[in-house]
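Report on one structure; see the data block that follows.
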Amino acid sequence: MKFVDQRFHFAKVHQRAAPGSAFRNEYGQENTMRLNKICSLALAAVVTMGAAATAQEAVTIGSSPTGLPFTFVNTETKKMDGVLIDVIEAIKGDLEIEPTFEPTPFSALVPSLTSGKIDMIVSAMFITEERAKVVDFSDPIYGYGEGAFVPVGDDTAYTKWEDLSGKTIGVQQGTTFVDLFQKSGIFADVKIYKGIPDIIADVNAGRIDAGIADGPMAAYYIAQGQFPKVKMVESYEASAGGEFGVALRQGDPRREAINTAIARIKEDGTLAEILAQYGLK
């Protein structure tokens, strides 16, 4: 009887509990459905955020490491720095790109672009008809002319490069000045150098009489005080200058977006602020 009573009691308890269990099951199923929906929405948000993050196209940009103050390797960070690096950082959102800057010798920039080693050139490379035959250029970002520098003991008021006739001068490899000066035939010799600091160093050492190079770059290097026997020719008036922008492989569809972005930073003052940080205007 005791066993029967316990079994009877057990059955009664479960009979009473049955409605509550049904409620709990129904409530649990509803909660599970809600939880599944929340998880699905959260997962969709994560996927969407991930897609947005990966939408930034990885782009390799070639820049001269000796093009102060436009492109150079920062000795503290060991990364590319300068006016044009800051410009790309300012417009990368417009272009939806994530740039990686590849230090590339000036003379190797165009070959690196056309061979596919890099995707863009961002350097103080003048826009010329000859270069435009093999690459596409964006609208100009900035422009300037060449400058002349001589030993500090040379007080001649040179106003143009022809005034240096009969002297041995140095120019940078890959620049427009190489052909111009070699074809002129007026110099004792035209020596070609890898970078502007190399030209200045030879003027400083007395190995050449003068150097002709991009004005702002040469002035920046000399102002650092590492070449005390060299000075800029203040009377010199540039005659072979130009403008530079972004160089792309021919047919690159990003050209229009780059032009739009350049126009924006010119209009909203961003470019002027960047230039001012390097003493330019």
Side-chain angles (χ1 to χ4, degrees), residues 47-65 67-72 79-145 174-176 214-217 240-278 280-281:
V47 170
T48 301
M49 290 173 65
T54 57
Q56 303 298 315
E57 182 185 6
V59 172
T60 302
I61 298 177
S63 300
S64 168
L68 281 159
F70 299 103
T71 58
F72 60 93
K79 296 181 179 180
M80 291 299 297
D81 204 347
V83 173
L84 293 178
I85 306 304
D86 290 353
V87 165
I88 294 300
E89 291 293 340
I91 67 174
K92 68 180 183 180
D94 303 59
L95 308 179
E96 297 185 345
I97 64 171
E98 188 55 47
T100 298
F101 298 98
E102 183 70 25
T104 307
F106 189 86
S107 59
L109 286 170
V110 171
S112 295
L113 178 64
T114 56
S115 66
K117 185 177 180 181
I118 59 176
D119 301 306
M120 300 180 186
I121 296 173
V122 176
S123 200
M125 175 180 288
F126 288 163
I127 300 170
T128 66
E129 291 183 7
E130 284 300 312
R131 288 177 178 144
K133 292 177 182 178
V134 292
V135 302
D136 285 345
F137 285 103
S138 71
D139 290 340
I141 296 172
Y142 190 71
Y144 58 86
T175 64
T176 57
D214 296 335
M217 296 184 192
E243 297 177 306
F244 53 82
V246 177
L248 307 159
R249 275 190 291 277
Q250 290 185 327
D252 192 319
R254 290 171 290 207
R255 182 180 180 182
E256 184 177 347
I258 291 172
N259 287 341
T260 301
I262 290 172
R264 176 184 67 77
I265 63 172
K266 286 181 176 180
E267 292 171 4
D268 67 15
T270 300
L271 179 58
E273 291 177 2
I274 293 173
L275 291 170
Q277 292 175 15
Y278 297 89
L280 301 173
K281 60 181 179 179

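Quick note: numbers below take in every heavy atom, side chains included, and nothing from hydrogens, waters or symmetry partners.
With sequence neighbours left out, the side chain to side chain donor-acceptor pair (under 3.5 Å) criterion links Arg254 to Glu57, Asp252. Listed by chain and number, the residues in a side chain to side chain donor-acceptor pair (under 3.5 Å) with Asp94 are Arg264 (sequence neighbours excluded).
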Donor-acceptor pairs are to be reported for all side-chain atoms of residues 114-127 against protein atoms at under 3.5 Å, with residues two or more places apart or in another chain.
residue : atom : partner : partner atom : Å
Thr114  : OG1  : Val110  : O            : 3.1
Thr114  : OG1  : Pro111  : O            : 3.3
Ser115  : OG   : Pro111  : O            : 2.9
Ser115  : OG   : Ser112  : O            : 3.3
Asp119  : OD1  : Arg249  : NH2          : 3.3
Asp119  : OD2  : Thr60   : N            : 2.8
Ser123  : OG   : Ser64   : N            : 3.4

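Across every non-hydrogen atom of Pro65 and Pro103, the tightest pair is CB-CB, 4.1 Å. What you find for Glu130 and Lys133 is that their closest heavy atoms are OE2-NZ, 2.9 Å. Taking each heavy atom of Pro140 and Glu243 in turn, the nearest pair found is CG-OE1, 3.5 Å. Shortest non-hydrogen contact noted between Ile258 and Ser138 is CG2-CB, 3.8 Å.
Between Phe137 atom CZ and Gln250 atom CD the span is 10.5 Å, to the nearest 0.5 Å. To the nearest 0.5 angstrom, Ile97 atom CD1 is 6.5 Å from Ile91 atom CD1. Here the CG-OG1 distance, from Leu109 to Thr71, works out to 8.0 Å after rounding to the nearest 0.5 Å. Once rounded to the nearest 0.5 Å, the distance linking CG of Asp139 with CZ of Arg255 reads 7.5 Å. We find the CD1-NZ distance between Ile61 and Lys92 to be 10.0 Å, quoted to the nearest 0.5 Å.
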**Study point:** From CA spacing to verdict: side chain to side chain contact (heavy atoms under 4.5 Å, CB included), Leu275, Lys281
**Key:** CA-CA 6 Å; Leu275 291 170; Lys281 60 181 179 179; 5.8 Å; no
Check your understanding: Stepwise, does the side chain to side chain contact (heavy atoms under 4.5 Å, CB included) test hold for Asp86 with Asp81?
Key -> CA-CA 7 Å; Asp86 290 353; Asp81 204 347; 4.0 Å; yes
Check your understanding: What's the verdict on side chain to side chain contact (heavy atoms under 4.5 Å, CB included) for Ile85 and Phe101, showing C-alpha distance, side-chain angles and the deciding distance?
Key -> CA-CA 8 Å; Ile85 306 304; Phe101 298 98; 3.6 Å; yes
Review point. What's the verdict on side chain to side chain contact (heavy atoms under 4.5 Å, CB included) for Phe70 and Asp214, showing C-alpha distance, side-chain angles and the deciding distance?
Key: CA-CA 11 Å; Phe70 299 103; Asp214 296 335; over 6 Å; no
Exercise for review: In sequence, state the C-alpha distance, the side-chain angles, and the governing distance for Phe244 and Tyr144, and then conclude on ring pair (Phe, Tyr, Trp, His ring centres under 6.0 Å).
Suggested key: CA-CA 9 Å; Phe244 53 82; Tyr144 58 86; 5.6 Å; yes
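Between the side chain of Asp136 and the backbone N or O of Leu248, no donor-acceptor pair lies under 3.5 Å. Checking side-chain atoms of Gln56 against main-chain N and O of Pro99 turns up no donor-acceptor pair under 3.5 Å. Counting only distance, with no hydrogens or angles, the side chain of Thr104 and the backbone of Glu102 share a donor-acceptor pair below 3.5 Å.
Within the 4.5 Å cutoff, the side chain of Leu84 has no heavy atoms near those of the Ser63 side chain.
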